[in-house]
Amino acid sequence: MQRGQVIWGWVTSMTGAVIVLLMAWQVLVEGMWLGRQVDVAGSYSYGPMYMAAALGLVLVIGGVATAISARRHGH
């Protein structure tokens with residue numbers, strides 16, 4: 001049971017890290033690509049990407065905390 005929680009915690013944190021990296025990459029690429037077009041097309045909303053990145057951070061923190069607490073209880 002403890003080992004399953006540790007594995008689940010690390011999988012959750014890795015998933016969150018992947019989400020954060022994808023969102024950062026998306027913001028970087030679209031920021032570069034849309035650099036000159038923002039004035040023409042109007043304001044571009046990064047809100048959904050920031051929300052997804054925040055969710056990813058929550059997954060990372062929660063996953064690491066779960067893995068560490070499960071490992072401590074296992075000893």
Side-chain angles (χ1 to χ4, degrees):
M1 184 69 183
Q2 299 296 337
R3 184 174 175 174
Q5 283 184 325
V6 171
I7 292 171
W8 174 253
W10 287 120
V11 167
T12 302
S13 64
M14 289 297 160
T15 303
V18 168
I19 291 172
V20 170
L21 289 174
L22 286 175
M23 291 303 113
W25 175 253
Q26 192 76 10
V27 168
L28 180 68
V29 168
E30 292 193 9
M32 288 166 48
W33 185 71
L34 288 171
R36 297 190 198 106
Q37 300 178 10
V38 170
D39 294 332
V40 178
S43 63
Y44 184 78
S45 175
Y46 288 106
M49 283 186 261
Y50 288 142
M51 292 299 289
L55 176 67
L57 283 175
V58 169
L59 287 176
V60 169
I61 294 168
V64 170
T66 300
I68 290 173
S69 69
R71 186 173 287 176
R72 283 186 183 163
H73 288 300
H75 288 299

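Because only heavy atoms are used, hydrogens play no part in the values below, and waters and symmetry mates are left out as well, while side chains stay in. Counting begins at 1 with the first residue of the sequence.
Counting Ile, Leu, Val, Met, Phe, Trp and Tyr side chains that sit under 4.5 Å apart, directly or through other members, Trp8 stands alone, with no cluster partners.
Across Ala53 and Met23, no two heavy atoms sit closer than the pair N-CG, 3.8 Å.
Hydrophobic clustering (side-chain heavy atoms under 4.5 Å, transitive across Ile, Leu, Val, Met, Phe, Trp, Tyr) groups Val6 together with Val64. Cluster membership check: Met14 does not share its hydrophobic cluster with Ile68, using side-chain heavy-atom separations under 4.5 Å among Ile, Leu, Val, Met, Phe, Trp and Tyr. The cluster map of Ile, Leu, Val, Met, Phe, Trp and Tyr, joined by side-chain heavy atoms under 4.5 Å apart, puts Ile19 and Leu22 in the same cluster.
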**Request:** Evaluate side-chain contact (heavy atoms from CB on, under 4.5 Å) for Thr66 paired with Thr12, printing each intermediate quantity in order.
**Result:** CA-CA 9 Å; Thr66 300; Thr12 302; over 6 Å; no

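With sequence neighbours left out, Val11 forms a side-chain contact (heavy atoms from CB on, under 4.5 Å) with Ile7, Thr15.
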